[in-house]
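Here the structure is laid out as structure tokens; the discussion comes afterwards.
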Protein chains: 2
Amino acid sequence: MTAKPQSVEDFHARLHEVSEGLPKRMRQCADYLAANTDRVALSTVAELATGAGVAPSAMMRFCQIMGYSGYSDMQQIFRAAVSSGLPDYASRISALRDRGADSPSALLAEFVDAGRGSLETLANKVDAAALDQAVAALAGAEMIHLAGLRRAFPVSAYLAYAFEKMGHPAMLHDGVGALQQAASIRIGDALIATTFTPYSDETVALIQTCVDRDIPVVVLTDSPLGPVQGASVLTLPVAEADVGAFRALSATHCLAITLAVAVGAAKSRAS
Amino acid sequence: MTAKPQSVEDFHARLHEVSEGLPKRMRQCADYLAANTDRVALSTVAELATGAGVAPSAMMRFCQIMGYSGYSDMQQIFRAAVSSGLPDYASRISALRDRGADSPSALLAEFVDAGRGSLETLANKVDAAALDQAVAALAGAEMIHLAGLRRAFPVSAYLAYAFEKMGHPAMLHDGVGALQQAASIRIGDALIATTFTPYSDETVALIQTCVDRDIPVVVLTDSPLGPVQGASVLTLPVAEADVGAFRALSATHCLAITLAVAVGAAKSRAS
DNA sequence: ACTTCAATGGAATGTTTATTCCATTTCATG
DNA sequence: CATGAAATGGAATAAACATTCCATTGAAGT
């Protein structure tokens, strides 16, 4: 007999384990729980059963299949996860806001909250398949070029640092000295461009050049459409929450560093 | 009769409203709830009452003082806040991880989770008073100098963008062309230095120069002690979670942009 | 078509938890 | 010090809920 899953991760593993060869109603329970794991902490068996379209007793039986003594036993795991997830974040945020509308603390609360929201949205909205494709396209490149100006520049700069640290050839197109760096992009290379609306002309022009030459481009941007469409262009949209006229770019940085590390891992696996 | 608070914010407002002229036991309830708001969603009256050191019936009465019909009625508000706070973040994260240990999606889940954790830690650990001091010190400066190399460079670059956008004089010490930019720091200016262990020599040297000349320095760093101590140095520590050898710097960026916007707001209020 | 056994739904049960009520205490006031 | 009103704690009650049991259904094998 397998021991009962002690963490949310274990739970999903177990769910996957038992998912085959399950009778109809039990399968409904499994599917519903897989898609609505977060509801378990706060719902009653009856609510959950209704959601899954089964009788409460069926849900009870499923809990036992999963290895728990009953529903309450299972719920404990998820309640623990919730309460450790936000130890006292919510109260701290309101405490910071309470220091006054214009105080730096209140501002920090806004940015932290916006950043957290953006990260969650990123996790919820990201197209895993597109991400895989982007990594594959970049992993095939000799050298990776990095474009991003004005507020997108820090993202490119960070990518440059990451690639350097992994020993991967990369070039930051920073426009220093107004040199024409575009000419250094060769067949077999790839471009990661970061740009937000309103798109900067230089970055759009650089992407267009690459598209014309059929060089792979991965675009990090804030609109699903992106600045340029084309056969060799892969757009990864990131919804970033604003605070006034500014945004913290937490989600964009996250996606960027993920790309870099994933490409590095793919390369080292290939060699 | 005041209507019952419909949100966690309303709740705190109401708590403050009634906080004076309360009998002893009711005051205990108020104090405990103010400090442990996050527990309400998952606890029973009995648990809460024990925590506050009162009888369950006292806690019930307090719920009614707050305007609710009873404990369950009050709890609803907090449960709603929890479930909207994590729509299905937790399940998405595990779904992303499920795509395979080495997949880009799993990596993204790691970085998003790390970023979120860092932001929460920032909100919980930040010293609001130190933040106020830092803003005050910077708001008095003619020009703000920005130092940060290697992985700290993106943070400085972003600060440079923010100050430029607000029309505030700022100079990014980027080391391009190995020019000695240190000489441009004048009495009446201030420095924001970002550096992580192991600290880069150039940045430490620049901070030291400023300390020697009694020029205000705000340091964003990952250790509470910071690279340099001194009368004119104010260290703002940021605990940033690592993913392997990399970190996403979400919290540092958040703190940086907060500093910049708060300084901008302070300046425009003064003029 | 018949038998058998797993699967299922619904009703009955027992437990936990909220809520109310009342006897007792505490405190302020005359 | 006496009296009344507010406050309090604990026990009684009621509601919500998890859990179990059993009769019925459905499916597989003979």
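Chain naming here is simple, since letters A, B, ... match the order of the sequence lines and numbering starts at 1 in each. Keep in mind that the numbers below use all heavy atoms, side chains included, and drop hydrogens, waters and symmetry copies.
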| message | Just the rounded figure in Å: distance from C1' of dG9(C) to NZ of Lys24(A). | response | 13 Å
| said: Between Phe246(B) and Phe111(B), is the ring pair (Phe, Tyr, Trp, His ring centres under 6.0 Å) condition met? List the steps. | reply: CA-CA 9 Å; Phe246(B) 292 90; Phe111(B) 276 113; 7.4 Å; no
| request: Spell out protein contact along nucleotides 16-23 of chain D as letters: B when the base is contacted, S when just the sugar-phosphate is, - when no protein heavy atom is under 4.0 Å; keep the 5' to 3' order. | output: -SSBB---
| task | Using a 4.5 Å cut-off on heavy atoms from C-beta on, say whether the side chain of Arg79(A) contacts that of Val40(A). | result | no
| query | Whole Å only: how far is the CG atom of Leu42(B) from the P atom of dT17(C)? | reply | 13 Å
| message | How many whole angstroms separate atom CZ of Phe62(B) from atom P of dG9(D)? | response | 15 Å
| message | On the six-membered ring of Phe196(B), is Arg247(B) placed so that its NZ or CZ lies under 6.0 angstrom from the centre and within 45° of the ring axis? | response | yes
| Nearest-angstrom distance from the residue atom CZ of Arg25(B) to C1' of dT26(C) | 11 Å
| said: Between C1' on dA6(C) and CE on Met26(A), what's the gap in Å once rounded to a whole number? | reply: 11 Å
| message | Donor-acceptor pair, distance only, cut-off 3.5 Å: does the side chain of Lys165(A) make one with the backbone of Ala245(B)? | response | yes
| task | Rounded to the nearest angstrom, tell me the gap between atom CD in Gln28(B) and atom P in dA7(D). | result | 14 Å
| Stem segments of DNA chain C by first residue number [Watson-Crick or G-U, under 3.5 Å, at least 3] | C:1-30 with D:1-30
| Between the side chains of Glu240(B) and Thr252(B), does any donor sit under 3.5 Å from an acceptor? | yes
| Whole Å only: how far is the CE atom of Met59(A) from the C1' atom of dG10(C)? | 16 Å
| query | Do Asp132(A) and Ser103(B) meet the criterion of a side-chain donor-acceptor pair at a distance under 3.5 Å? | reply | no
| Pairs in or reaching into residues 253-266 of chain A: which pass side chain to side chain donor-acceptor pair (under 3.5 Å), with residues at least two apart or in two chains? | His253(A)-His253(B)
| request: For Arg39(A) and Tyr32(A), test the side chains for any donor-to-acceptor distance below 3.5 angstrom and give the result as yes or no. | output: yes
